[in-house]
Each structure stands twice: as structure tokens, then as C-alpha cells.
Amino acid sequence: MRWPQIFILLVSLNLGTVMAADIAIVVHGGAGTINREALTPELEAEYRSKLEASVSAGYSILKAGGASIDAVTAAITVLEDSPLFNAGVGSVLNNDGRVEMDASIMEGKSLNAGAVAGLQHVRNPILLAQAVLDKSPHVMLMGEGAEAFAREQGFDMVGNHEFRTKRRQEQLRRAQAAADSVSLSEEGADTFRGADASGADHEKSPLGTVGAVAIDASGTIVAGTSTGGMTNKRFGRIGDSPIIGAGTYAKNGVCGISATGHGEFFIRAAVAHDICARVSYQDTSLDAAADEVVNKVLREMGADGGVIGIDADANVVMQFNSSGMYRAAVDRHGKLSTAIFAD
């Protein structure tokens with residue numbers, strides 16, 4: 001090989017390195033009024049350990065050159081499989097004592113998205129949302145139709161009792177007593193899934209959702225969100241988590257957002273899209289846009305909650321207006337952090 005050819009090759013390799021985007025990932029496990037006094041050191045350690053496992057699962061994929069969509073689903077499935085969080089196993093119970101789960105995912109390069117709602121038998125809703133993105137001409141599927149699609153795609157279906165825990169049972173009983181609501185059905189009251197987190201009331205106002213946002217070396221941003229919804233919900237209630245633009249949004253060159261909070265307000269304010277729109281149209285930073293929406297727009301509406309996000313330069317944002325938000329990140333410098341409260 002001649003020297004000019006070697007020089008050109010070296011320059012090309014160097015440019016490829018320079019042009020590669022920084023990688024980063026951030027996850028959340030829900031926001032709300034988390035009682036610091038009732039959160040024992042042992043239970044806090046459990047939360048931090050699971051958050052670290054989640055963000056590390058996603059980051060290992062990014063570090064190996066993998067796609068952000070795979071990083072997001074890997075991170076979220078870790079949280080869905082833990083009874084600590086309101087998604088998948090450990091989801092809250094509806095008025096009938098059953099679990100109904102929602103999830104969505106959006107890919108920022110093509111603006112393609114997939115969402116599912118009202119699932120009762122799919123172990124990892126975020127994986128079904130990804131299947132909708134990849135293999136369905138539709139964006140959102142719900143209820144029996146979503147589960148028919150899941151069976152068609154080869155997903156294993158499990159009994160609803162696989163998702164129920166004693167902790168969520170107690171939360172439902174308290175909620176129904178406070179609302180003078182109907183009691184649990186016999187089926188919902190008798191069957192639970194194995195081990196659970198502490199029954200201590202460390203979440204007096206849980207706004208449970210899990211989510212992740214990642215940017216890979218190609219600059220592709222992906223956001224995903226998964227939830228069991230609201231305790232004691234009725235009439236097929238669906239919150240913001242599966243709604244593109246409300247609970248989840250991603251656009252390359254701008255940002256990706258996953259939200260957690262009072263879903264009805266997040267839907268009305270189109271929170272995830274609004275934050276990214278402010279970044280795009282107002283030429284403002286992601287941090288400033290998220291702060292404005294979370295701490296002004298939502299506060300004025302009387303809504304609690306928060307968001308996580310990543311911008312085109314792999315800057316990580318975690319904003320919330322409640323007492324705490326379970327969260328973790330590996331930033332553009334490879335630094336891993338976990339946190340629960342504002343400090």
C-alpha cells in the first residue's frame with residue numbers, strides 16, 4: 001500500500017472516530033411522594049441496586065456498539081421484572097384487583113413508534129411495544145387485540161396472578177377504603193406472586209412508571225416507558241405512558257423523553273413532545289426546557305411527577321417536582337450515578 005493511500009485510510013478512520021456520537025443512558029423507576037423516614041437503608045439499597053443493574057444492562061449494549069433501542073428495552077425489562085417498581089411484576093392493581101399494563105417506545109431517527117395498553121398477560125410490555133414498532137403497521141394496540149398480536153408474534157402469555165404482589169394488594173385496600181370503593185374480587189384477593197418488597201408505606205403517593213432514554217454511537221435517540229398505571233383505576237383507564245408525545249417521545253438531533261407522574265395532566269400538556277419542541281423551536285437547552293415544563297407548566301396545573309431525557313449531545317437530564325424520583329444514569333463520560341431524592 002502506498003503512503004498516500006495509508007494516509008487517506010488513517011484520516012478516514014480518525015474521522016469515523018470523531019464523527020461517532022457520545023453514548024449515554026438514563027433510567028427512572030417512577031416519581032412521587034416518597035417517605036424518606038419509611039425508606040429503610042436496606043430497602044433504599046435494593047432500589048439503588050436494581051436501578052444500577054438496569055442502567056448497566058443498557059449501557060453495556062451501547063458500549064459494545066449496540067443500538068439504542070436494544071439498550072432501552074434491556075434496561076426497562078430489568079425494572080419490569082422487579083417487584084419494586086410499578087411495571088410488569090409488581091404493577092399496581094385496578095379496581096377489580098387485576099393488573100393492566102401499558103408501554104411505549106419511540107425511535108428518533110425514523111420517528112417510528114410502538115405502544116400497547118391494557119395488557120393483562122404479557123410478561124414484558126416494553127418488548128411487545130417494540131414488536132408493534134417493528135412488525136405492525138399501527139402505532140398503538142390495546143387490550144385483547146394487543147394480546148392477540150402478542151400471541152401471533154410468539155410471546156408467552158402468563159396468568160394475571162404472576163404480576164400481583166401483597167404490597168400492591170395493601171395499597172389497593174387503602175385506596176378503596178379512602179374512596180369508599182368496592183372491595184376486591186375474590187380472585188384478585190387470593191392470588192399473589194412470590195416474594196415482594198417491604199410492605200412499609202414508603203410511597204405515600206406513588207406515581208409509578210419505569211422508563212429509559214438512550215443515545216447510541218450513531219446518534220440515534222430512543223425513549224421507552226412502561227407502567228402498571230394508577231392504583232384502583234376503573235373503566236379501562238389509560239394514562240400517558242403509552243401515548244406518544246405525552247409519556248414518551250424521541251427525535252434525533254433534538255432529544256428523547258420518558259415521563260412519570262399524574263398521567264391525566266401529562267396527556268393534557270403533551271409533556272414529552274412539548275419539552276422536545278421547546279429544544280427544537282426555541283433553541284434552548286434540554287435542561288432549561290425540562291425545568292420549564294416540569295416546574296412551571298405542570299406545577300401550575302397541580303401535577304406532580306418528572307422526566308428523564310437525553311439531547312443530541314448526549315447530555316442527561318433528570319427533572320422532577322415531587323419529593324423523589326428513582327433514577328440512574330451513565331453519562332457521556334461513562335460516569336454511573338443513582339439517586340432517589342432531590343439531594
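Electrostatic pairing of Arg237 and Glu264 counts as a salt bridge here, judged by a charged N lying under 4.0 Å from a carboxylate O. Between Glu170 and Lys166 there is no salt bridge, since no side-chain N of the basic residue sits under 4.0 Å from a carboxylate O of the acidic one.
Judged as a side-chain contact (heavy atoms from CB on, under 4.5 Å), and not counting sequence neighbours, the contacts of Ala75 are Ile25, Val27, Ser54, Ala212. Not counting sequence neighbours, the partners of Thr220 by the side-chain contact (heavy atoms from CB on, under 4.5 Å) test are Ser68, Glu107, Lys109, Asp216, Ser218, Val222, Asn252.
Side-chain atoms of Lys296 and Asp291, non-hydrogen and from C-beta on, never get closer than 4.5 Å to each other. With a 4.5 Å cut-off on side-chain heavy atoms, Thr227 and Met101 do not count as touching. Residues Ile340 and Glu44 have side chains in contact (heavy-atom distance under 4.5 Å, counting atoms from C-beta outward). A heavy-atom distance below 4.5 Å is found between the side chains of Gln176 and Leu172. Ser91 is not listed as a side-chain neighbour of Arg168, based on a closest heavy-atom distance of 4.5 Å or more. In this structure, the side chains of Leu39 and Phe341 come closer than 4.5 Å at one or more pairs of heavy atoms. Val158 is listed as a side-chain neighbour of Phe163, based on a closest heavy-atom distance under 4.5 Å. At least one side-chain heavy atom of Val307 sits under 4.5 Å from a side-chain heavy atom of Val294.
The minimum heavy-atom distance linking Pro242 with Met140 is given by the pair O-CE, 2.9 Å. Closest approach of Ala259 to Asp240, counting heavy atoms only: CB-OD2, 4.0 Å. Shown here for Leu62 and Ala214, the closest heavy-atom pair between the two residues is CD1-CB, 4.1 Å.
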Determine, step by step, whether Val132 and Phe149 satisfy the side chain to side chain contact (heavy atoms under 4.5 Å, CB included) criterion, reporting the C-alpha distance in whole Å, the side-chain angles of both residues, the deciding distance to 0.1 Å, and the verdict.
CA-CA 8 Å; Val132 173; Phe149 175 75; 3.7 Å; yes
What do the steps show when you test Thr248 against Ser104 for side chain to side chain donor-acceptor pair (under 3.5 Å), and what is the final call?
CA-CA 7 Å; Thr248 304; Ser104 65; 2.8 Å; yes
After noting the C-alpha distance and the side-chain angles of Val116 and Met142, does the key distance pass the side chain to side chain contact (heavy atoms under 4.5 Å, CB included) rule?
CA-CA 5 Å; Val116 289; Met142 65 169 286; over 6 Å; no
Could you please spell out the steps behind the side chain to side chain donor-acceptor pair (under 3.5 Å) verdict for Arg332 and Asn315?
CA-CA 7 Å; Arg332 57 190 294 182; Asn315 295 307; 3.3 Å; yes
Check step by step if side chain to side chain donor-acceptor pair (under 3.5 Å) holds for Ser226 and Glu80.
CA-CA 8 Å; Ser226 180; Glu80 287 180 333; 2.6 Å; yes
Determine, stepwise, if the pair Val72 / Ile76 fulfils side chain to side chain contact (heavy atoms under 4.5 Å, CB included).
CA-CA 6 Å; Val72 164; Ile76 291 177; 3.8 Å; yes
CA sep, side-chain torsions, deciding dist, call: Lys50, Ser82, side chain to side chain contact (heavy atoms under 4.5 Å, CB included)
CA-CA 8 Å; Lys50 193 59 65 175; Ser82 169; 3.9 Å; yes
Stepwise side chain to side chain donor-acceptor pair (under 3.5 Å) test for Arg164 and Gln169
CA-CA 8 Å; Arg164 303 178 202 155; Gln169 165 79 65; over 6 Å; no
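No donor-acceptor contact under 3.5 angstrom links the side chains of Gln171 and Asn232, judged on distance only.
Separation of atoms CD (Glu292) and CZ (Arg278) is listed at 5.0 Å; rounding is to 0.5 Å. To the nearest 0.5 angstrom, His28 atom NE2 is 5.0 Å from Thr225 atom OG1. Glu300 CD to Asn295 CG: the interatomic distance, rounded to the nearest 0.5 Å, is 11.0 Å. Residue Glu147 holds its CD atom at 14.0 Å from CD of Glu152, rounded to the nearest 0.5 Å. Rounding to the nearest 0.5 angstrom, the gap separating the CG atom in Leu286 from the CG atom in Asp311 is 5.5 Å. Put simply, NZ on Lys233 and CG on Asn94 are 6.5 Å apart, with the number rounded to the nearest 0.5 Å.
With hydrogens and angles ignored, the 3.5 Å screen pairs no side-chain donor or acceptor of Asn112 with any backbone N or O of Asp134. Side chain of Arg268 to backbone of Gly263: no donor-acceptor contact under 3.5 angstrom is found. Counting only distance, with no hydrogens or angles, the side chain of Asn86 and the backbone of Gly228 share a donor-acceptor pair below 3.5 Å. Using a distance-only test at 3.5 Å, with no hydrogens or angles considered, no donor-acceptor pair links the side chain of Arg327 to the main chain of Ile308. Judged by distance alone, the side chain of Ser323 and the main-chain N or O of Gly32 form a donor-acceptor pair under 3.5 Å. One N or O on the side chain of His262 and one on the backbone of Asp304 form a donor-acceptor pair closer than 3.5 Å. Formation of a donor-acceptor pair under 3.5 Å by the Ser56 side chain with backbone atoms of Glu52 is found in this model.
In terms of hydrophobic clustering, with Ile, Leu, Val, Met, Phe, Trp and Tyr side chains grouped at heavy-atom distances under 4.5 Å, Val213 and Leu79 are assigned to different clusters. By the criterion of side-chain heavy atoms lying less than 4.5 angstrom apart, applied directly or through intervening Ile, Leu, Val, Met, Phe, Trp or Tyr residues, Leu43 is grouped together with Val210 in one hydrophobic cluster. Residues Phe265 and Val297 are members of one and the same hydrophobic cluster, defined by side-chain heavy-atom contacts under 4.5 angstrom among Ile, Leu, Val, Met, Phe, Trp and Tyr. Criterion: ILVMFWY side-chain heavy atoms under 4.5 Å apart, direct or through other members. Under it, Leu141 and Ile243 are not part of a common hydrophobic cluster. Ile126 and Ile257 fall into different hydrophobic clusters, defined by Ile, Leu, Val, Met, Phe, Trp and Tyr side-chain heavy atoms under 4.5 Å apart, directly or through other members.
Applying the under-4.5 Å side-chain rule to Ile, Leu, Val, Met, Phe, Trp and Tyr, the cluster around Tyr249 extends to Met106, Leu111, Val139, Ile244.
Geometrically, Arg123 does not engage Phe155 in a cation-pi contact, judged by NZ or CZ lying under 6.0 Å from the ring centre and within 45° of the ring axis.
Aromatic ring orientation, Tyr326 versus Phe85: perpendicular (interplanar angle above 60°, classes split at 30° and 60°).
Checking Asp81, Thr73, Asp156 one by one against Asn124, the side-chain hydrogen bond (donor to acceptor under 3.5 Å, both in side chains) holds for a single residue, Asp81.
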